[in-house]
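What follows is one structure encoded as structure tokens, with my remarks underneath.
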There are 2 protein chains.
Amino acid sequence: MKNFLKVERAKQNITQAELAVRVGVSRQTINSIEIGKYVPSTLLALKIASVFEVSLDHIFMLEESDWS
Amino acid sequence: MKNFLKVERAKQNITQAELAVRVGVSRQTINSIEIGKYVPSTLLALKIASVFEVSLDHIFMLEESDWS
DNA sequence: TCAAAAAGACAAGTTTGTTTTACATTTTAT
DNA sequence: ATAAAATGTAAAACAAACTTGTCTTTTTGA
């Protein structure tokens, strides 16, 4: 799964720490998601999308390899 | 978090078992999500949305209480 | 009405997400 | 050039997602 968290943060000029506070997780959680260390729960992903005011599909996307 | 998995399955006439196979998880996982036992990962939620050919936001929705 | 299929439930165990702490590196602004 | 802010990284511990297995209940259709 790909994500455009970093891009979206850049667009809206929000730091990892600030995003973390706004969605109620630790900064490292945001960082880990951003560098692809793991996939967030749907709850967290929806919250992130909500903070950015975009749809989830705009930030998180399936890849071919996710189906194998 | 609310979800309309059951509704969507009904619409498309797909059983829990069939959906489970198509997204690559156990039937119990689908069942547990449906009855609100737990929240799926973003990967799984995206796959489910993909099988149903709708956007994730159409099936999984945040509630007020998710923010507290 | 009866059997088969589908769905609900539950417990134990494994895997993965998340937190916390702590430190190193990079970026930004002065 | 330097300090401060932001980001990267990593390990240990805990919480939540997911599996497997088994059993019960509900729904469906012949």
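As the structure is a prediction and not an experimental result, all values here were calculated from the model. Below, chain A is the first sequence line, B the second, and so on; all start at residue 1.
Near DNA chain C, meaning a heavy atom under 4.0 Å from it, residues 3-12 of chain B has B/K6, B/R9 in order of number. Within residues 29-42 of chain B, the residues having any heavy atom under 4.0 Å from DNA chain D are, by residue number, B/T29, B/Y38, B/V39, B/P40, B/S41. Within residues 55-68 of chain A, no residue approaches DNA chain C, by heavy-atom distance under 4.0 Å. Taken residue by residue, residues 14-23 of chain A places heavy atoms nearer than 4.0 Å to DNA chain D at A/T15, A/Q16. Near-neighbour residues of DNA chain C inside residues 45-52 of chain A, defined by a heavy atom below 4.0 Å, are absent.
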Grab the N/O contacts between the protein and nucleotides 21-30 of chain D below 3.5 Å, and write none if there aren't any.
unit_1	atom_1	unit_2	atom_2	d
D/dT22	O4	B/Q28	NE2	3.3

Atom pairs under 3.5 Å, N or O on each side, protein against nucleotides 28-30 of chain C: can you list them with distances?
none

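At a threshold of 4.5 Å between side-chain heavy atoms, the hydrophobic network of Ile, Leu, Val, Met, Phe, Trp and Tyr places A/F4 and A/I33 in two separate groups. When hydrophobic clusters are built by joining Ile, Leu, Val, Met, Phe, Trp and Tyr residues whose side-chain heavy atoms come closer than 4.5 Å, directly or via intermediates, A/V39 is grouped together with A/V51. Put simply, A/I48 and B/W67 are part of the same group of oily side chains (I, L, V, M, F, W, Y) that touch within less than 4.5 Å, one to the next.
One finds the CG atom of B/L5 at 11.5 Å from the CD1 atom of B/I35 (value rounded to the nearest 0.5 Å).
Each side chain to side chain donor-acceptor pair (under 3.5 Å) pair with one or both residues in residues 17-26 of chain B, not counting sequence neighbours, appears once here: B/S26-B/T29. Here side chain to side chain donor-acceptor pair (under 3.5 Å) pairs that include residues 32-51 of chain A, with residues two or more places apart or in two chains, are A/R9-A/E34, A/Q16-A/E34.
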List the atom pairs, donor and acceptor, that lie under 3.5 Å between side-chain atoms in residues 54-63 of chain A and the rest of the protein, sequence neighbours left out.
unit_1	atom_1	unit_2	atom_2	d
A/E63	OE1	A/M1	N	3.1

| Reading DNA chain D 5' to 3', how would its secondary structure be written in dot-bracket notation, given Watson-Crick and G-U pairs with both distances under 3.5 Å, brackets [ ] for crossing pairs and | for partners on other strands? | ||||||||||||||||||||||||||||||

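Side-chain atoms of A/I30 and A/V23, non-hydrogen and from C-beta on, do get closer than 4.5 Å to each other.
Residues satisfying the salt bridge (Lys or Arg N to Asp or Glu O under 4.0 Å) criterion with B/K2, sequence neighbours excluded, are absent altogether.
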